Structure formats: C-alpha cells, structure tokens
Amino acid sequence: MSPPQGNQITIFFNGKLVPAYESDTVASALYRNGVRIFSRSFKYHRPRGLLCVGGNCPNCLMNVDGVPTVRACITPVHQDQQVKHQNAYPSLERDYLAIAQRFDWLMPVGFYYKTFTHPRVWHFVEPRIRKVAGLGVLPEPDGQPAPEYDHAFAQADVVVIGGGPAGMEAAVESARSGGQITLIDERPELGGHLRYERAGADKARELAQRLKALPNVEVLSNASCFGLYEGKLLGIVQRRPFGSPVRERLIHLRAKHIVVATGMYEIPRVFQNNDLVGVMLRTGVQRLIHQHAVKPGNRAVVVGPGDPVVEDLRSAGVEVAAVVDVADVLAAVGKLRVTGVRTKTGVIACDLIVVCGERVPHAGLLSQAGAKLEWDEGRGAFIPTGLPSHVAAVGEVTGESLAASRSPTHYSSAKKSFVCYCEDVTSADLEYAIDEGFDHIETLKRYTTVTMGPCQGRMCALPSIGICARQTGRSMGDTGTTTSRPPNPSVSLGALAGPRHHPVKRTPMHYEHDALGAVWMDLGEWKRPRYYKQQDTSEEKACVEREYRAVRERVGIIDVSTLGKLLVTGKDAPQLLDRIYTNRLSNLREGWARYSVVCDDSGIILDDGTVSRLSADEFFVTTTTGNIDFVKQWMEWWAAGTGWCVHVTNVTGGFAAVNVAGPHARDLLKHLTDCDLSIETFPYMAARRANVVGIDCLLMRLGFVGETGWEIHYPAENGAALWDEIVRHGKEFGLQPFGVETQRILRLEKKHVIVGVDTDALSNPLEADMAWIAKLDKDDFIGKAAIVRAQARGMRDKLVGFVMQDALIPEDGSAIMLDGKPVGRVTSARFSPVRGTAVGLAWVPVEAAADGHQIQVHINGQAARAQVVLEQFYDAQGKRLKM
Amino acid sequence: MSFLVRCPNCGERGVYEFRFGGEARPRPMPQAGDAEWLTYNYVRQNEAGVQKEWWYHRAGCGQWFLARRNTVTNDVLETFFPEEQSHQ
C-alpha cells in the first residue's frame, strides 16, 4: 500500500488527540488509530463498526464539530476537528443501554402498537422512551456564533450528477456543444468507483484533469444532489464551499438537461449476526485500502465471489483465510467484535469478514424524475426505465454492468439476521409482520419501519422486498418498491433555512424616535414606537397615560409613515376608484378627502383608507399599514384588460407622514406654514397642498384620534427635518410624541374601526356599523350586489361599542356571553380615561345590539358585566375634531 | 412546486416570483340573481387539467396576465395579457 496522501494533521475523538492525514475521512483516521466500534444501534444498542465506508449505512454516525448524526466515513477531516460518539453511555465499548438486548423478546417489531395502551401507562412511559430514543443530540447554545448557511441560485444547460468515469465522460461529451455544463459530485475528489479500484486512481485523475480544463464546465465537489423537482430544478447541498465561511450552501440549480450518473452501491447480505463489528462490505474494504491506505484487519474471510478483493486484501498485508459462498454461511461469530465465521463445516477464525454483497443502482433521482423501477429477474435488480425526455442515465446506474444472469439471493431467517441496520429490523421481524397480515410492501414498511431510518432504505429496500416476495409467494416485480422521495440523502434544516435575514422596515424618522426614548414594536415588517419613555418613568402604563393626556389636552404627534400610499392618476382614475371603493369618489372635489372601504364581491371589507383629490385626474390614496401590496394589486387587477387610462403607483416609501393632533394643533402648526389653517378656510376633511417649514406637503384634516388635527404627507427625504421642526416648536405647546398604543386608545374612544382587527373575513359594512359608507345608488361597485342582498336579508351580528361595568379590562378576543353561552367576541378593548372604565368594540348578535343592552364578557374564567353603547365614548357629537 | 412561468413581459421566471390570482371566471352582471353571485363568489371549477387563470408578476414587472396551465402536470401552456386573446 502506498502511504496516505497529504500532510499530517491532528483531530480529536472524545477529547483525545488522533493523528490523521489531510486525505482522511473521520472514519479512516479513527480506524487507522484502532477504533473499531463506531456507534450503537438505534433499538438494541448493538455495537456497530464500519460497513459500507461509503455513506450508505448508519454504522459510522458520529457528532462532528457539534453537528450530530454525521456520516464519519464520507466527512473529510480538518485540523482540530472535534469528533464525539453519540447514542452510547458512557462509552461505545461499554454502553449501559445495551441491556436492551436482553429484553429483545419483549420488544418484537411493532410492540409499541400493542403495549402502553392505557393512558396512564403511556403518560408515564413516553417521556422516558423519548429520553433514550433517538441518535444524535443537538448542541446547546454556548455563546459561540451559530454556523452560517447560504443559498445560491444557478442554471446550466446540462447538469451531470455523479463524478465517476461515466459522469465525467458525459460532461466532457456535453461540453462539446459549447453550453454551460455543471458536474455535481459528492466526494472531495472526482473519480467515483475508480478511486477505490486498484490502479483506478490514475485514470480518475487523468479524466478529472481533462474535465477541469474545459472552460464551460463547472465542477461542484462535496455536493450532494438531494432532489429533482418540478421544472427541472435540482436541490443541491454543498458542504464547506471553497472560499466561503458557510458550513453548507443550498443551491437551487435549474437545468435544461439532466444526466444522472450516480452509479451503483453495494448492500449487505442477510445472515445471523451480520451486523457484528468487523463485517464489512467488499467496496468498504477497498475504500479503506485504496483511498486511505488503511489495513482493514489481520485475517479475513471473504463471503461471496472473491475476486478482485482477495488481491486487494493481500496487497494490504491481510491474510485471506477462506473464500466462502454466502449460502454456506450460518453466522458471524463474536461478541463485541468478529472472531470467526460459522459455516456448515465449522468455524473459521478471523477478525474481518468481507461480504461481497448485491449491487443496487442508485436510482433515487431517476424515480423522482418519473422513471419506473422495473424488476429485471436476470440482473437481480430494479432497473430504471421510462425516463422523461430531459433526463438521461449513464453508467452503472442503468444496471448495464450487472451480469445478465445471477444466482438467487439467500436471506437467512435465523435470529439476529439484520435487514435494516438503522431500525434494528431483522428478517424474523419481517416474517413476523407478514404473518400478522402486513404483507404489502407499503404496510410492511410502515409497520416495521424498515427503510425508514437514516439510510432511507438504501441498504435494506432490496432485502425487505425479497423477503416479502418470498413469504407471500409473489414475484419481486409484483411486490414492487415503495416510493423514493426527496430529500435523499437528507439535508439539514439550517441549509434549507439559509442565511438568517430578518428584513425590517424603518420610517424616515426611526432614529428620531430612538433619541426620544421610543420602545419599539413590530407591525408586520415595520418597526413602530409602541410608546415613548418619559424622563421619570419607562413603565408602559404611566407613559401611555401621559401621551394620552397630551393629545386630549394639548397636542401630540405620531409617525404614520407606515400607511400605504398610492397615487392613482389618469382620466379614468375616478371611474376605477368608484368601482373599487364603496363610497362615491368621482364627485370628490379638488382639495377634499373622503374616507371609504374596499370590499370584495361577497361584500366583505378588505381595507379602508382615505382618498384625496389633488386635481381632476390625480388622487392620493392611503391604505392600512401592511395592506399596500394587496390594495395596489387589487386595483390593477380590476383595471386589467379594461383599456382604461389609469395608473396606480405605490408611493409608500416616497412619503413620510405624521399626524399632529390635539386642541393646540392649529396653534402649533400655524407658525410653521403660510397656509391658512383656520376652521373657515381649512375645514374638517379638506386636503390642501402647502409649504410647511419650506417643505412641500399635503395636509389632510382628518380625525382618527378625535381631536383637531392634520395628517401631513411629505417627501421621505425630509422625514427627520419636518419632525424635528415640529418637535422643536412644539415644546412651547407641551407637544408629546405618542406611539401606537396611545393611538389605539384614542381611536377606540371614537369607535374608529381598524380593518383586520375589528373586522374579519365575515364582516360587511352594514354589520360593521358603516352602512353610510356603501353608496348603493352608485353604478356597480365591487361588493354592491352582496351588500344589497345583505340589506334585504337583514343583519345577524353587529359590531357595537361596550363599556365595562365591572372593574376589569378584557383582552382582545375575549368571548361575549349571553345567558352563559358564547355568542360573540371582543375585538379591541382598553381602559378609557374619559369613561373611567374599560371600553371596547365587540361583535354581538343583532338582538343584543341595542343601546344599554346587558352583555357579559368572559374574563379570566368569570362573566364580567358590560353594557352596549351605541354612541362614541368620547365627544359623541364629534365637536372636538371639527374645532 | 417549482415550475417556470413565462411572464409576457419578462420571460421565463420561477413560480415564486409570481402571485397566483385564481381561476379566471366571468363576473356576473350586477343585476344577476343570488344563485349566480353565490357561484361566482364561492364555487370553483377546480379543473384537473387545463385551466385559465390569473398571475401577477410580484417580483418583476408588476403586471397581471392570464395563463393556461395544466393543473395536473403544472405545464404552463401559454401566457398572455388580458387585452390579447388566447391563441386557443
């Protein structure tokens, strides 16, 4: 054997230093240093050692650099790598839970469907089972930065999956066309099976060099293709991509043509104790010898047709004691390790059993592409057929190299003949389950969990089908396979989640709020001040009370830049707005604003907002925060195909907006603008353009909080400047910035509805107490027919105001009770300073919607008393906001 | 779900760039009866086969357009603006 490649490095196994070479995998380095037990099995905690050395079985699953359940045999080493065992306590050599094996007679396959059936027994047992079940453990957060993942999007004319000789040749051939070719390979080096065949390394290197020299070929190594999805999209995970700090990169790769060259792999034979440490597949032994220069054992018995592995073993200095036919093997012998093979003629001593297993095409991706897997009796394999036109299969995966006739496979029924290594399912278990009636491959799989472990059926699908066929007397073809689904191999959730982005929207005055002591809240993607800390207190209740009193008694300012804003222009803009909104807008005069709602054709309220007319064919529209995308798309859909001359432009980000409200709002603002703000010239609901501290603004006299006030919209780049000016001049008037929480209380006292909070998917304008807003004498608008129908039918529920008679504050969503039965719900409720008790809005049956009607509100398990109030809680005449 | 949709403006894009706008279906006349409005609001053909439907290019040109798509195979057979007629 030539020495291992690359420099010498050190890694750590359970804290102990292990010397390794750069070309090693975790498994080869550990094996070379004497580790033989690599894991303990899932159910019985049987010791397991290297078996396939190719990433297809669960035997080498370890914790590497904090990541659990990593296949050590295909994970490259790096300097200072931290490797730990898992699923064994206190050690792999001595695992307390191995005692489970003594009770295997109590735990036949499917035992948990027949035991623990009493609820009290289950509740006792379940947390204990949960603690001992499972394989790996996720790392606890330890203050270290979390690993990074990223996403990439790519496309290629031809994608070749598999970097063995067939794949490389396909890539070279495809490159002739001049298109973009991408080759995906799971291993750090190209070559596929050439890498573990004697004298294959040179041929692999030569092919790889030829490939990499081509300018239109991209090679992605350490990359697994886990799925082929609709639209020729391939899902790929690349580990530790070159030049990047990320642990894994998820690549969405769109292809015009796909060539699958994923090859074949070897599976174990089924005989007694076939899972013993020291039983290895032929290809596994070849990998250890040729890829890693590791001597796999001292004295070997080869099971099955022995060439060429006998020569490989001898070249590595391993004595070959015998070559035995699998039909003659009775059992592997040994406790923690193999000590021999029992055949019909006696026990042959050895420390290594090399199993020449059946070879299976790695056809999962082809199944996902829509190929059928047809049983070929001669070849003894399920061969992919019926590929769609954009997918080709080349090389071993087609099954072409399988001998046209082979001898039938023998599956032992002796106890502890393992079929599924992941789930500890033996051939006896499968026979037992089939006897119980689970004789269809789909039910057999689900009942026994065979093929449902980490190997995803790679090792055990064929033997389980074989045993099912044998026991039921059906052919292999009739028994069939279960469905291969992505992701295969498995992919970490971190890779799927990708980079940790948390997009946040900030208004132009965000840092001004920070400086004023804002306590933030999230409203969708927006950050808004919930309230502002005061100089002497930061307690929410106290601060909100101060803000409230400022607005009711002096003047307050709130940042409402998050409102959706649209410019709707064009000669047909009035027509579109009349169609979209329930209110009439075509007769709105220039310089005026109107409030309206948007309904759908079933009469349900979708949004509300204001519309201001700037000129004959220019309207400025506001929507609820967060609804802008929906409303814009809604308007555009209704205009689509009509030929109307109308343009809808989203200007939300282009305009900042504030609401200055309070009895002294005019006194404050009149110093900042030449615009005449007097009641006569600027009445309630007027909308005028004016210059405020040198900034061109649209001022709208609206009354969301029920006081004299102006909603000022102005270019976003002046956001902070105008805010600062108002705050500076406002000191004289006792101006207080107020946040969302205070605004909620103020508007609730005026019974102003918030769409989506006080209304839901069943609310029409009539029942939401907004009958006036639907102008039924208009020509058709969206929802008109439904509202007319609702009017004729009569209301069932109604949105009403209520005051609490008990000193309790309901939570939003509390139930409304009548005669002890829930009949409605509270949508919003807050303590109202002006009423001295909690008030709110609630949906109640129309019979209870009369002024003064008694209702009960379900609060903390009691029925608290409340009374329906039909008028607004504060300034019911609406005098204050018109002052 | 990862098929491609050809936006009439922008060309072939991944489906997540778009917002699905539902089956295209004719809106009743305003004076139509209850049964017709009920069907329009709440009942869908839900065709297993070729369906005419609306799409909005959310992450692109922001245009609404129509498509004919086979809902079983997700083959998008054609896309066109509502002003144009389908070629079928």
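We name chains A, B, ... by the order of the sequence lines, and we start the count at 1 in each one. Just so it is clear, the values below take in all heavy atoms, side chains as well, and ignore hydrogens, waters and symmetry mates. None of the values given here were measured: they were computed from a predicted structure.
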Donor-acceptor pairs, chain B vs chain A, cutoff 3.5 Å:
residue, atom, partner, partner atom, Å
B:Ser2, N, A:Glu230, OE1, 2.8
B:Ser2, O, A:Arg254, NH1, 2.6
B:Ser2, O, A:Arg254, NH2, 3.0
B:Ser2, OG, A:Glu230, N, 3.4
B:Ser2, OG, A:Glu230, O, 2.6
B:Phe3, N, A:Glu230, OE1, 3.2
B:Arg19, NH1, A:Gln633, OE1, 2.4
B:Arg27, NE, A:Asp601, OD2, 2.7
B:Arg27, NH1, A:Asp780, OD2, 2.7
B:Arg27, NH2, A:Asp601, OD1, 2.9
B:Arg27, NH2, A:Asp780, OD2, 3.4
B:Asn41, ND2, A:Asp601, O, 3.1
B:Tyr56, OH, A:Glu636, OE1, 3.3
B:Trp64, NE1, A:Gln633, O, 2.9
B:Asn74, ND2, A:Glu230, OE1, 3.3
B:Asn74, ND2, A:Glu230, OE2, 2.4

Practice task
Examine whether an atom of B:Met29 lies under 4.5 Å from a heavy atom of chain A, and if so say whether it belongs to the side chain, the backbone or both; otherwise answer neither.
Solution key: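 Neither part.
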Practice task
Could you pull out the closest heavy-atom pair between B:Pro30 and A:Ala785, with the gap in Å?
Solution key: O-CB, 4.1 Å
